[in-house]
Number of protein chains: 2
Amino acid sequence: MTGATTSGELRPHNLARLLRAAHDGAGRATRSELTRGLGLSRGAAAVLVADLAEARLAEERPAPQRARGRPTAILGPHPEGPLALAVDLREDAWTIATAEIGGDLTVREERPHPGNPPEIALGGLAAAIDRHLTELGSRVVGVGVALPGPIRDGRVVDIPHLSWRDVPAADILRADATPIFLGNDAALAGLAEARRGALRGVAVGLHFHVDFDLGGTLLVDGSPLRGARGTTGEVGHMPLGGSDLPCDCGAIGCWALQVGANALLRAMGIPVEPARGRAEALRILDGAAAGDPRCAAALDEVARAFGAGTAALVNALDPQRVTLSGLGVRLHEEAADTFQAAYETGLMAFRRDEPPPVLPAALGGDATLVGASELAFDAFLTPEGLTAWQAAR
Amino acid sequence: MTGATTSGELRPHNLARLLRAAHDGAGRATRSELTRGLGLSRGAAAVLVADLAEARLAEERPAPQRARGRPTAILGPHPEGPLALAVDLREDAWTIATAEIGGDLTVREERPHPGNPPEIALGGLAAAIDRHLTELGSRVVGVGVALPGPIRDGRVVDIPHLSWRDVPAADILRADATPIFLGNDAALAGLAEARRGALRGVAVGLHFHVDFDLGGTLLVDGSPLRGARGTTGEVGHMPLGGSDLPCDCGAIGCWALQVGANALLRAMGIPVEPARGRAEALRILDGAAAGDPRCAAALDEVARAFGAGTAALVNALDPQRVTLSGLGVRLHEEAADTFQAAYETGLMAFRRDEPPPVLPAALGGDATLVGASELAFDAFLTPEGLTAWQAAR
DNA sequence: CCTAATTTGCTCTCGCCGAGAACATAATTG
DNA sequence: CAATTATGTTCTCGGCGAGAGCAAATTAGG
């Protein structure tokens with residue numbers, strides 16, 4: 001959003017700002033709060049709200065009264081308003097949900113998939129997406145898809161755990177003219193955290209999602225840092241831990257190898273198989289909690305690598321806060337001292353006075369879906385997006 | 001610049017856009033190019049140019065004729081227009097220059113300083129800044145200062161090579177009400193490169209400045225990535241090279257230790273002293289070029305660490321292009337094969353098809369001063385900055 | 001050297017937009 | 001029940017850029 005240049009662009013621009021603010025307010029923001037927050041006059045707000053209602057983009061409903069004075073209304077989703085289709089594709093299953101303005105999710109379908117070949121796995125998902133698009137009609141303004149691997153140019157994905165290479169996921173999944181957006185699952189979980197979780201309002205935040213291995217993103221002003229080719233936040237693929245293991249990604253000694261379920265197995269001397277071992281890893285964590293010294297040693301080793309790498313990234317990127325999701329929460333909590341010691345040792349001296357706090361993510365398992373829906377809405381909640389919607393009604 | 005919200009904000013907003021575009025055009029952009037580029041109507045442009053001229057912010061001068069049609073004019077600096085004071089403070093000397101709209105530099109003073117204690121070194125500089133501010137009068141809209149160390153909260157600096165800790169540089173240097181902005185020298189060199197050098201027009205660029213050690217920044221849309229505390233781009237302080245040397249910064253194994261003049265000395269077994277050894281390092285490079293095997297081995301060791309670390313950061317940050325300044329240019333050129341091999345080995349497989357090019361910076365020794373002036377102008381070339389200037393005349 | 005073509009600058013009118021004021025409305029408070 | 005308070009509604013007003021029509025200043029071509 002570069003901002004309006006002509007008086008004619010002012011209205012669509014402010015319309016988008018208002019609807020975006022209502023969306024960010026999670027369907028709880030009142031008209032008077034929004035008006036004040038955006039620096040609008042009450043007159044301008046009245047016109048904009050009327051426009052939104054007429055275009056079926058939003059609707060006002062009564063707000064619980066707080067103080068004295070004439071009551072205001074909550075600006076929330078319209079029953080026939082825009083929807084984002086959010087898709088979370090994991091190694092073994094996928095979920096499809098819808099989100100309305102304000103971010104409320106409704107899960108619509110959830111199914112396992114074979115994983116390979118990618119055409120089959122994605123083909124089934126594409127058919128399901130198509131079905132939901134048909135059912136929902138023109139209300140769907142975009143499809144956001146979370147994928148567990150790096151994405152190039154917004155189209156192509158590699159998923160090492162499934163041996164997917166150069167899979168043109170966007171082309172396979174694209175149903176009709178509905179725009180489709182792909183995002184890395186860890187980046188989208190971070191995005192969700194930045195918009196509706198523990199990184200809300202944080203100018204620079206770092207999020208790590210730990211599952212089989214580790215993914216992460218830097219969130220700048222509420223959006224993941226986008227690289228030149230759209231590959232966000234592969235911070236796990238730096239050799240931060242001095243290991244010399246070869247990584248599926250093709251590089252050597254990647255930090256991602258040292259943090260996650262697979263790293264726990266490796267530390268216990270258990271062979272690592274693709275896309276297995278999540279249950280085994282949980283058992284190791286439980287063992288450590290129960291006092292098993294071998295499990296505790298493995299947890300310690302992983303937590304140390306986790307803390308040290310976090311410190312390195314904090315040194316380089318200077319975030320205000322670090323959040324964790326997936327296995328990361330337990331790794332951090334159940335080896336808190338080890339993590340903290342490695343974290344503080346790795347920090348530059350001047351950062352040790354006030355190290356950025358490391359916190360569990362506020363959103364639960366829905367984070368990835370929330371992020372996927374935000375990705376789709378981001379393209380819609382713009383002057384252009386809303387103008388197109390208005391023109392189509 | 002969030003963009004205009006009201007019709008009254010439109011004019012200052014477009015005024016700032018126009019002057020910013022003229023500045024970015026390095027005093028070579030013509031009115032018709034600017035008008036087209038900004039999507040303004042010719043009528044609007046006429047009014048804006050008249051406003052700029054009346055406020056003594058810019059001035060039109062005849063442009064060399066190119067095609068047929070009525071000739072247009074170049075929108076360049078006004079002889080009584082705004083100036084930025086650019087200061088480059090190095091370990092042993094400082095330079096003061098002015099920059100006008102368009103970015104043209106005029107060096108005004110250059111002096112050695114004792115280095116310690118910081119109050120004395122900065123005190124002399126502060127007096128000089130004060131003198132120049134008095135001479136130049138109200139034309140100076142901001143002071144940009146480049147410093148060879150990390151900066152916190154825009155005020156405080158640590159310079160490990162000089163043993164400066166927690167030095168409130170902004171407070172010591174602040175003369176009168178003229179705003180002062182501090183920036184890390186490597187970050188400012190990168191900023192200059194992004195605005196007027198080899199990273200111009202690049203959405204995501206990575207810049208490394210190599211001197212005694214290595215500093216770097218990520219340039220996103222022409223600005224250095226700013227962390228939460230304003231500490232930009234300490235990418236050198238990640239343990240990317242598997243070393244276990246303690247770093248002045250307080251962490252261990254920092255990549256910065258493995259790349260730079262000091263790293264060359266260390267690789268030759270020569271003891272490293274603070275802020276010395278630049279000449280010695282150049283001698284090692286010359287020796288390597290002349291065929292001395294010990295020098296060549298040292299260069300190779302450093303180039304390998306340089307290439308490997310660059311690959312790690314490219315993996316994580318996905319830049320479109322990487323630029324080098326300072327010693328980095330020679331390290332890269334004179335051990336090109338070693339660097340390239342380490343670089344490509346460290347990349348994730350999918351990046352090896354089209355690795356981001358690594359290029360020498362286009363700006364010479366002025367880069368830091370240019371960056372400092374851009375820093376000062378960035379705060380001025382805004383609707384608020386220009387409105388204040390207009391109000392003061 | 002002259003004319004047509006071309007591009008840009010200037011000026012004026014017009015429609016659009018948000019500010020702001022005045023008023024209406026709907027709640028709380030005591 | 002009346003005073004108070006905060007918000008929504010409506011209307012006027014000033015400011016802004018678009019766009020059209022015209023003027024100006026150059027080149028291309030004969």
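Sequence lines set the chain letters: A, B, ... in the order given, protein chains first and strands last, and positions in each chain run from 1. Both backbone and side-chain heavy atoms feed into the values below; hydrogens, waters and symmetry mates do not.
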**Student:** Counting primed atoms plus P, OP1 and OP2 as sugar-phosphate and everything else as base, spell out the protein contacts along nucleotides 20-30 of chain C at 4.0 Å heavy-atom distance: B, S or - for each nucleotide, 5' to 3'.
**Tutor:** ----BBBBBS-

**Student:** Would you please name every residue forming a side chain to side chain donor-acceptor pair (under 3.5 Å) with A:Arg174, sequence neighbours left out?
**Tutor:** none

**Student:** Round to a whole Å and report the spacing from NE2 of B:His13 to C1' of C:dG18.
**Tutor:** 16 Å

**Student:** Could I get the full list of side chain to side chain donor-acceptor pair (under 3.5 Å) partners for B:Thr72, not counting sequence neighbours?
**Tutor:**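 For B:Thr72, no residue satisfies side chain to side chain donor-acceptor pair (under 3.5 Å) once neighbours in sequence are set aside.
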
**Student:** C:dG9, OP1 or OP2 - any side-chain N/O from B:Thr72 closer than 4.0 Å?
**Tutor:** yes

**Student:** Quick one: on DNA chain C, does A:Asn14 or B:Glu60 contact a more 5' nucleotide (nearest heavy atom)?
**Tutor:** B:Glu60

**Student:** Could you say whether A:Ala73 or A:Ser7 is positioned toward the 5' end of DNA chain D, judged by the nucleotide with the nearest heavy atom to each?
**Tutor:** A:Ala73

**Student:** List, one per line, each side-chain donor-acceptor pair under 3.5 Å for residues 39-56 of chain B, sequence neighbours excluded.
**Tutor:**
{"unit_1": "B:Ser41", "atom_1": "OG", "unit_2": "B:Ala44", "atom_2": "N", "d": "3.2"}
{"unit_1": "B:Asp51", "atom_1": "OD2", "unit_2": "B:Arg11", "atom_2": "NE", "d": "3.2"}
{"unit_1": "B:Arg56", "atom_1": "NH1", "unit_2": "B:Glu80", "atom_2": "OE1", "d": "2.7"}

**Student:** Which residues pass the salt bridge (charged side-chain N to carboxylate O under 4.0 Å, His left out) test with A:Arg108, not counting sequence neighbours?
**Tutor:**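 Testing A:Arg108 for salt bridge (charged side-chain N to carboxylate O under 4.0 Å, His left out), a comparison that skips the adjacent residues, returns A:Glu135.
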
**Student:** Check every nucleotide of DNA chain D for an atom under 4.0 Å from a heavy-atom of chain B, then give the first and the last such nucleotide from 5' to 3'.
**Tutor:** D:dG14 to D:dA28

**Student:** Scan for side chain to side chain donor-acceptor pair (under 3.5 Å) pairs involving residues 192-203 of chain B, sequence neighbours excluded, and state none if there are none.
**Tutor:**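 The answer is B:His23-B:Arg196, B:Arg195-B:Ser223, B:Arg195-B:Glu374, B:Arg195-B:Asp378, B:Arg196-B:Glu374.
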
**Student:** With sequence neighbours excluded, tell me which residues meet side chain to side chain contact (heavy atoms under 4.5 Å, CB included) with A:Ser373.
**Tutor:**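 Side chain to side chain contact (heavy atoms under 4.5 Å, CB included) list for A:Ser373, sorted by chain: A:Ala84, A:Ala86, A:Ala99.
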
**Student:** My understanding is that only residues two or more places apart in sequence, or in another chain, count here; which of them pass salt bridge (charged side-chain N to carboxylate O under 4.0 Å, His left out) with A:Glu9?
**Tutor:**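 Once residues adjacent in sequence are excluded, A:Glu9 has no partner under the salt bridge (charged side-chain N to carboxylate O under 4.0 Å, His left out) criterion.
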
**Student:** Could you check how far CG of A:Leu10 sits from P of C:dG15, rounded to whole Å?
**Tutor:** 19 Å

**Student:** One pair to check against side-chain contact (heavy atoms from CB on, under 4.5 Å): B:Thr382 and B:Thr387. What are the steps and the verdict?
**Tutor:** CA-CA 8 Å; B:Thr382 61; B:Thr387 304; over 6 Å; no

**Student:** About how many Å separate CG of A:Leu188 and CG of A:Leu182, when rounded to the nearest 0.5 Å?
**Tutor:**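 Answer rounded to 0.5 Å: 9.5 Å.
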
**Student:** What pairs with A:Arg155 under salt bridge (charged side-chain N to carboxylate O under 4.0 Å, His left out), at least two apart in sequence or on another chain?
**Tutor:** A:Asp171

**Student:** Does anything in residues 29-39 of chain A reach DNA chain D, meaning a heavy atom under 4.0 Å, and if so which residues?
**Tutor:** A:Arg31, A:Ser32, A:Arg36

**Student:** Who pairs with A:Asp153 by salt bridge (charged side-chain N to carboxylate O under 4.0 Å, His left out), at least two apart in sequence or on another chain?
**Tutor:** A:Arg229

